[in-house]
Student: 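Quick one: the structure is below, questions incoming.
Hydrogens, waters and symmetry mates are skipped; everything else that's a heavy atom, side chains included, is used. The sequence lines fix the lettering, A, B, ..., with proteins before strands; numbering per chain opens at 1.
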Protein chains: 2
Amino acid sequence: MEFEKELRKNGLKNTPHRTRIMEVLESYEVPVSAQDIYERLKEDKVRISLSTVYRTLDKLVALDFVRKLSFTGEDSALFESIRKGHRHYLVCLRCRKKTVIDKCPIKEYQETLERETDFSIEGHKLAIYGYCPACK
Amino acid sequence: MEFEKELRKNGLKNTPHRTRIMEVLESYEVPVSAQDIYERLKEDKVRISLSTVYRTLDKLVALDFVRKLSFTGEDSALFESIRKGHRHYLVCLRCRKKTVIDKCPIKEYQETLERETDFSIEGHKLAIYGYCPACK
DNA sequence: CTACATGCAAACCGTTTGCACCCTA
DNA sequence: TAGGGTGCAAACGGTTTGCATGTAG
């Protein structure tokens, strides 16, 4: 398994907690907070502490299994599995609901920018804000 | 003066502190933190507290004189004057230096999205990350 | 059996808030 | 002179960390 192998390669251990956290991340269609993951695991009767969730997320982000996001108006960081692919969100400023934007409007521009600026570009963060049909 | 008038219209007072904070924001070419503003004012021998800086920034953001930004890897929020115009930044992941991107690659897409989704779109946040010529 | 992983509680740190006093309009 | 503004210190809340113990390899 890719996940297990990647952990080993970095001197990390493949513990039940790590697998569970990855599973929770993949079970959600939208980004979730460390707290969300913690509560979800509690419901599933998993004995875990919030700090383990944070420590695990740090590692999953470093290994590039997970992406860390932050949104205006959201008080905590949110996380999602990289396996969801490259995505951006349209966020309702009132109800906070997030809608996936499948097309990335930056991709080409980013390549142009790399040619024009001498930077080596690694990526970008984009979120679009507005009011959803129900809230506007 | 536009600034003074806008404050009054919202039942706010035009104090020396508020003017100073606006001036500091306009004197920087890149976004700055509340702490940066506080320290800059201290250097200028202004007697002010950090909480006043935060409270003022909140109000300036609400009145749309100031934009609040957050960047990956930056531990605190950054602020810039709206008068700088609509901009995005190319951020070096190593030295943290920010380079202004004058062209907005989202504008047209945002209009398309508004037509396609039934959302009323208010704006967007974009930052591009990479390594600058000196750091890469 | 050794190094990494974890739980717990405390520390951290950017930001917010309560309150008494100050100052603008 | 009334109501917003400010300084100070304490509170807040998400996140991190120290330490003793547990467990994967």
Side-chain angles (χ1 to χ4, degrees), chain A residues 1 3-22 24 31-42 44-63 65-79 96, chain B residues 1 3-22 24 31-42 44-63 65-79 96:
Chain A
M1 189 222 199
F3 179 57
E4 197 174 327
K5 201 193 289 179
E6 198 62 24
L7 286 174
R8 283 229 192 81
K9 201 166 77 183
N10 291 75
L12 301 178
K13 288 173 179 170
N14 180 30
T15 67
H17 281 158
R18 287 183 178 161
T19 312
R20 296 306 287 260
I21 289 173
M22 242 358 253
V24 171
V32 291
S33 68
Q35 186 73 40
D36 291 336
I37 296 170
Y38 175 67
E39 281 163 15
R40 166 68 176 277
L41 289 173
K42 282 294 191 186
D44 296 354
K45 307 297 177 208
V46 177
R47 204 172 161 282
I48 193 173
S49 74
L50 185 54
S51 46
T52 297
V53 176
Y54 276 110
R55 282 192 271 229
T56 301
L57 288 170
D58 272 358
K59 277 163 182 153
L60 296 177
V61 168
L63 296 183
F65 277 108
V66 168
R67 196 164 26 233
K68 183 176 182 176
L69 307 170
S70 60
F71 294 96
T72 303
E74 208 85 36
D75 41 355
S76 59
L78 302 185
F79 301 84
R96 297 273 125 219
Chain B
M1 188 222 199
F3 179 56
E4 197 174 328
K5 201 192 289 179
E6 198 61 24
L7 286 174
R8 283 230 192 79
K9 201 166 74 182
N10 290 74
L12 301 178
K13 288 174 179 171
N14 179 30
T15 68
H17 281 159
R18 289 184 177 160
T19 312
R20 296 305 287 260
I21 289 174
M22 245 353 258
V24 170
V32 291
S33 67
Q35 186 72 40
D36 291 336
I37 296 170
Y38 175 67
E39 280 163 16
R40 167 68 176 277
L41 289 173
K42 282 294 190 187
D44 296 354
K45 306 297 178 208
V46 177
R47 203 170 161 283
I48 193 173
S49 75
L50 186 55
S51 47
T52 297
V53 176
Y54 276 110
R55 281 192 272 230
T56 301
L57 287 170
D58 271 359
K59 277 164 182 150
L60 295 177
V61 168
L63 297 182
F65 277 108
V66 169
R67 197 166 21 235
K68 184 175 182 176
L69 307 171
S70 59
F71 294 96
T72 302
E74 208 85 36
D75 42 354
S76 59
L78 302 184
F79 301 84
R96 297 272 123 220

Student: Whether B:Ser49 contacts D:dG7 is assessed here as follows: a side-chain N or O lying under 4.0 Å from the phosphate OP1 or OP2. Is that the case?
Tutor: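 Looking at the OP1 and OP2 atoms of D:dG7, one of them is under 4.0 Å from a side-chain N or O of B:Ser49.
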Student: Could you state the CG-C1' distance from A:Leu41 to C:dT6, rounded to the nearest angstrom?
Tutor: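 Rounded to the whole Å, the gap is 14 Å.
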Student: Could you write nucleotides 19-25 of chain D as a row of B, S and -, 5' to 3', where a protein heavy atom under 4.0 Å of any base atom gives B, of only sugar-phosphate atoms gives S, and otherwise -?
Tutor: -----BS
Student: Whole angstrom is fine here: how far is it from CZ in B:Arg47 over to C1' in C:dC22?
Tutor: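 Atom CZ in B:Arg47 sits about 11 Å away from atom C1' in C:dC22.
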Student: Between atom NZ in B:Lys5 and atom C1' in C:dA25, what is the gap in whole Å?
Tutor: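 Atom NZ in B:Lys5 sits about 17 Å away from atom C1' in C:dA25.
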Student: Rounded off to whole Å, could you give me the CD1-to-C1' distance for the B:Ile48 and D:dC8 pair?
Tutor: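 Whole-Å distance recorded here is 14 Å.
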Student: To the nearest angstrom, how far is A:Asp58 atom CG from D:dG14 atom P?
Tutor: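 For the pair A:Asp58 CG and D:dG14 P, the rounded distance is 17 Å.
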Student: To the nearest angstrom, how far is B:Lys9 atom NZ from C:dA25 atom C1'?
Tutor: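 Between C1' of C:dA25 and NZ of B:Lys9: 19 Å.
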Student: Quick check against the 3.5 Å criterion: does A:Arg18 have a side-chain atom that pairs as donor or acceptor with the backbone of A:Lys13?
Tutor: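 Yes, the answer is positive, given that a donor and an acceptor are paired below the 3.5 Å cut-off.
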Student: Separation of B:Leu50 atom CG from D:dA10 atom P, in whole Å?
Tutor: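 Spelled out: CG on B:Leu50 to P on D:dA10 is 16 Å.
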Student: Whether B:Arg40 and B:Asp36 form a salt bridge (side-chain N of Lys/Arg under 4.0 Å from carboxylate O of Asp/Glu) is what I want to check.
Tutor: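 Salt bridge flag = no for B:Arg40 with B:Asp36.
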Student: Taking 4.0 angstrom as the limit, do A:Glu39 and A:Lys42 come out as a salt bridge?
Tutor: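 Answer for the salt bridge query: no.
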Student: My understanding is that only one of B:Leu50, B:Ile21, B:Thr52 makes a side-chain contact (heavy atoms from CB on, under 4.5 Å) with B:Leu41; could you say which?
Tutor: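 Per the side-chain contact (heavy atoms from CB on, under 4.5 Å) rule, the option paired with B:Leu41 is B:Ile21, out of B:Leu50, B:Ile21, B:Thr52.
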Student: Quick check on C:dC23: is either OP1 or OP2 less than 4.0 Å from any side-chain nitrogen or oxygen of B:His17?
Tutor: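 The answer is no; no side-chain N or O of B:His17 sits under 4.0 Å from OP1 or OP2.
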Student: Between protein and nucleic acid, restricted to nucleotides 11-14 of chain C and to nitrogen or oxygen atoms under 3.5 Å apart, what atom pairs and distances do you find?
Tutor:
none

Student: Need to verify one output field. Residue with the more 5' nearest nucleotide on DNA chain C, B:Phe79 or A:Ser51?
Tutor: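 Nearer the 5' end of the strand: A:Ser51.
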Student: Taking only N and O in the side chain of A:Lys59, is any of them less than 4.0 Å away from OP1 or OP2 of C:dC4?
Tutor: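 For C:dC4, OP1/OP2 do not have a side-chain N/O of A:Lys59 under 4.0 Å.
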Student: Without decimals, in angstroms, what is the distance between B:Arg20 CZ and D:dT6 C1'?
Tutor: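 Taking atom C1' of D:dT6 as the reference, CZ of B:Arg20 is at 16 Å.
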Student: Using five pairs at either end of the helix from C:dC1-D:dG25 to C:dA25-D:dT1, determine the angle between the two local helix axes and round it to 10 degrees.
Tutor: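 For the helix from C:dC1-D:dG25 to C:dA25-D:dT1, the axes at opposite ends meet at about 40°.
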